[in-house]
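Numbered from 1 within each chain, the chains take letters A, B, ... in sequence-line order.
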Protein chains: 2
Amino acid sequence: MAGIDDVARAAGVSTATVSRALRGLPNVSAATRTRVLAEAARLRYVPTPSASSLATGRTRTIGLLTPWVSRWFFANVIEGAERALRDLGFDVLLYTFDVRRSAVRRRVDPHVLRHRVDGTLVVGLGLDDDEVRSLVGLGRPLAFVGSGPADQVTVRLDDVATGRAATQHLVDLGHRVIGHVTGVPDRDSPWTPPVGRSRGYARALEDAGVRYDPSLEVDGDFDVEGGRASTTALLRARPDVTAVFASSDEMAMGAILAARDLGRRVPQDLSVIGVDGHDLGELAGLTTMVQDAYQQGADAALLLMEMIGGAEVPASLTYPTQLVQRASTGPPTQEGPAAAARGGE
Amino acid sequence: MAGIDDVARAAGVSTATVSRALRGLPNVSAATRTRVLAEAARLRYVPTPSASSLATGRTRTIGLLTPWVSRWFFANVIEGAERALRDLGFDVLLYTFDVRRSAVRRRVDPHVLRHRVDGTLVVGLGLDDDEVRSLVGLGRPLAFVGSGPADQVTVRLDDVATGRAATQHLVDLGHRVIGHVTGVPDRDSPWTPPVGRSRGYARALEDAGVRYDPSLEVDGDFDVEGGRASTTALLRARPDVTAVFASSDEMAMGAILAARDLGRRVPQDLSVIGVDGHDLGELAGLTTMVQDAYQQGADAALLLMEMIGGAEVPASLTYPTQLVQRASTGPPTQEGPAAAARGGE
DNA sequence: CTGTTAGCGCATTCAG
DNA sequence: CTGAATGCGCTAACAG
């Protein structure tokens, strides 16, 4: 279709002038610019991205790396980031890396990103040091959302505080034997949310004078079924558990299902608290630590844009989290769990 | 970093040979190919996509257009498509177009896609004729998921049958005053799911000898809050409604929240059925028409790949849907709704 | 089987 | 303020 030469010819100028005029660069007279713009519009001229990328080395594209798109946190971050990025004229290349225990995650290969993106956004993905290094080695701006190494630009919660507050809530209600459903810690880097939240969990227990017991922690794969399966296993192994803190709302809702499967009432026989503020949390009556994932995505995108623009940006943005108490948490009952353990199943 | 010339020099061949060897083209001796591959690996050579795009006119990239990523159906389709596409060496450019009633959707502008993608996947987005025409005008393979014009390659449910079966389920239970929460029909093209499901709804009523009443249909914006708000309005205007068919599970769960808000029990005072098979449907006890969104995304991606390869593909793939009955639907009760309408609020 | 030669379409020097 | 010339890195004929 119409190329830059066509526009140049039609406007009676050189391609260089067309290029300058169209990109709003200086050194073009108002009259010339107007004429060029008019001709470009008339001919429906659109620059070929690969040509301009080849010439400039820039792509106006951001690579977005994430484990999943079908999980509340990730979907919302992606949506926020995509909107912000596109408003600023950037495209988003989406790359998923399934991270469940059952799956062997494909390694992040920076090669595919080289010459393809102007910057990279890593959303909730636990990378090992090599991967981070190679990403940094791309020499392009890099930002993390949800979790990231200490020396990288990161937008996230204070996971330790969040885990601590959630657990504290359970402690305040009188619980002492509290289980914890984490995400996918196996392959995790020390800086991922499950790790921080687990630390907060341990700390709150410590504050309460309760001994931290690793056997009370199970992996939930960050989804409903994972939360259900791991909570089921936990409750079978430890019928004395009266409350569970899950690292995400989806796993928390899985925990509620597990309780139901085992004939335990929530919250009388089992209290459950999650993290996220999932849209369906209210329906499930789920107590949770609410966060704004969409905004985190949008803010991270903005940070990345500023970095690309050469600006200095804060090393990290920490988002607040807010306890919303609903029906899934309450004080432990005397007869509850034990009775259920005897009578259940 | 290392360019094709570096590899050529190191391997003692021309750049053309390197290009051929690396892409597995014929007319390269085994020995030469081995040597080139070795040198390329050693130098960590990666082709610059913009350069090869410029030369070939192909991008190995697919444009994925969708209203949202944070809705069950869309997230799952996107995930399925991305996985399938990447396995075949294609990248995915993600473009969202918010479609809620409250938002003015940005129009789909094919210009941004020109020279940027080898094909386009439209996921659950209702486009007007102009938009479809312009997308077709790109001259690149195009496929639709969830909804699409009759003359385009489409992967989807039989929406009429689905709406009909869902409504029939309610009719079979004895309901006669049945509301319907649609998606976003305003801007919709005639071929979007809400329209088809609504037709199925009307048809099932007709079969049952019940007069179709437009005042029983409300828009739910395809999300929880939308379903909740519209159902609330519906139940206030028509307290005689005993059942609701929602076009998506998220809206259905919103409907359950609305019932709860108004003091109506589900299913005694209000039966609710949705469409999707949302992960959290079981927790909510939601009766629904289950579909496999992930697979639809993956299959559509495969179709697109075949089209790009020049193969003939079926005009459309129709996915089955399956009724899963849970606790949210049941026979209407005599006293239920009326009593609630009198006593409620 | 392999090398040479031309572009692909645009951005950017550097003169003018 | 504008134009001519050069190159970004790779692929695709076409010779050989």
Side-chain angles (χ1 to χ4, degrees), chain A residues 1-37 39-40 43-61 89 111-118 139-140, chain B residues 1-37 39-40 43-61 89 91 111-118 138-140:
Chain A
M1 327 249 58
I4 198 173
D5 320 83
D6 300 308
V7 178
R9 209 172 304 122
V13 296
S14 73
T15 62
T17 299
V18 172
S19 179
R20 282 188 286 252
L22 258 31
R23 290 181 304 147
L25 297 186
N27 295 332
V28 180
S29 73
T32 305
R33 191 186 302 275
T34 307
R35 193 150 30 91
V36 170
L37 254 39
E39 289 305 319
L43 298 171
R44 303 190 193 297
Y45 167 70
V46 184
T48 302
S50 46
S52 87
S53 290
L54 189 55
T56 62
R58 275 167 278 110
T59 61
R60 296 196 73 78
T61 300
H111 291 174
V112 301
L113 295 179
R114 186 178 296 284
H115 294 147
R116 203 176 292 255
V117 301
D118 289 348
R140 306 256 146 171
Chain B
M1 327 247 64
I4 197 172
D5 319 85
D6 300 309
V7 178
R9 210 171 305 122
V13 297
S14 72
T15 63
T17 300
V18 172
S19 178
R20 282 186 288 249
L22 258 32
R23 290 182 301 149
L25 296 185
N27 294 333
V28 180
S29 74
T32 305
R33 192 186 302 276
T34 307
R35 191 150 30 91
V36 170
L37 255 37
E39 289 305 318
L43 298 172
R44 302 191 194 297
Y45 166 71
V46 185
T48 302
S50 46
S52 89
S53 291
L54 190 54
T56 62
R58 277 169 275 111
T59 61
R60 294 196 74 78
T61 300
D91 284 343
H111 291 173
V112 301
L113 294 179
R114 185 178 298 284
H115 292 150
R116 202 175 293 258
V117 302
D118 290 347
L138 284 177
R140 306 257 148 171

Between D/dG9 (P) and B/Leu43 (CG): distance, integer Å: 15 Å

Rounding to the nearest 10°, end axes of the helix from C/dC1-D/dG16 to C/dG16-D/dC1 built from five pairs each make an angle of 30°

Could you check how far CG of B/Asp6 sits from C1' of D/dG9, rounded to whole Å? 11 Å

Minimum-distance nucleotide (side-chain atoms of A/Leu54 versus D/dC8, D/dT2, C/dC10): D/dC8

Once you round to the nearest 0.5 Å, how far does CG of A/Leu37 lie from OG1 of A/Thr32? 11.5 Å

A/Arg9 CZ - D/dT2 P separation (whole Å): 19 Å

Using a heavy-atom cut-off of under 4.0 Å over every strand shown, decide if A/Ser53 touches base, sugar-phosphate, or nothing. nothing

Between A/Arg58 (CZ) and D/dG9 (C1'), how many Å, whole number? 17 Å

Separation of D/dC8 C1' from B/Ile4 CD1 (nearest whole Å): 14 Å

Name the nucleic acid region contacted by B/Ser50, choosing base, sugar-phosphate or nothing; use a 4.0 angstrom heavy-atom cut-off, strictly under. nothing

Counting heavy atoms from C-beta on, name the nucleotide in C/dA11, D/dT2, D/dC10 closest to the side chain of A/Ser29. D/dT2

Pair B/Arg140 + B/Asp118, salt bridge at N-O below 4.0 Å: yes

May I ask you to test the A/Ile4-A/Ser19 pair for a side-chain heavy-atom distance under 4.5 Å? yes

Regarding B/Ser29 and B/Arg33, is there a side-chain donor-to-acceptor distance under 3.5 Å anywhere? no

Testing D/dT11, C/dA11, D/dT2 for proximity to the side chain of A/Asn27, the answer is D/dT2

Contacts to DNA chain C from residues 12-21 of chain B, heavy-atom cutoff under 4.0 Å, which residues? B/Gly12, B/Val13, B/Ser14, B/Ala16, B/Thr17, B/Arg20

Specify the separation, in whole Å, of atom CZ of B/Arg116 and atom P of C/dG9. 16 Å

Between atom OH in A/Tyr45 and atom P in C/dC10, what is the gap in whole Å? 3 Å

Closest non-hydrogen contact found for B/Thr59 with B/Ser53 is CA-OG, 3.6 Å

Look at A/Thr32 and D/dC1 and indicate whether a side-chain polar atom (N or O) is within less than 4.0 Å of OP1 or OP2. no

Would you please name every residue forming a salt bridge (charged side-chain N to carboxylate O under 4.0 Å, His left out) with A/Arg9, sequence neighbours left out? A/Asp6

Taken to the nearest whole Å, CZ/B/Arg33 to C1'/C/dC1 is 11 Å

Closest to the side chain of B/Ala55, out of C/dA11, D/dG9, D/dA12, is D/dG9

Considering only heavy atoms from C-beta outward, does the side chain of B/Asp91 approach that of A/Arg116 to under 4.5 Å? yes

Closest nucleotide of DNA chain C for B/Thr56 versus for A/Arg23: which of these residues is on the 5' side? B/Thr56

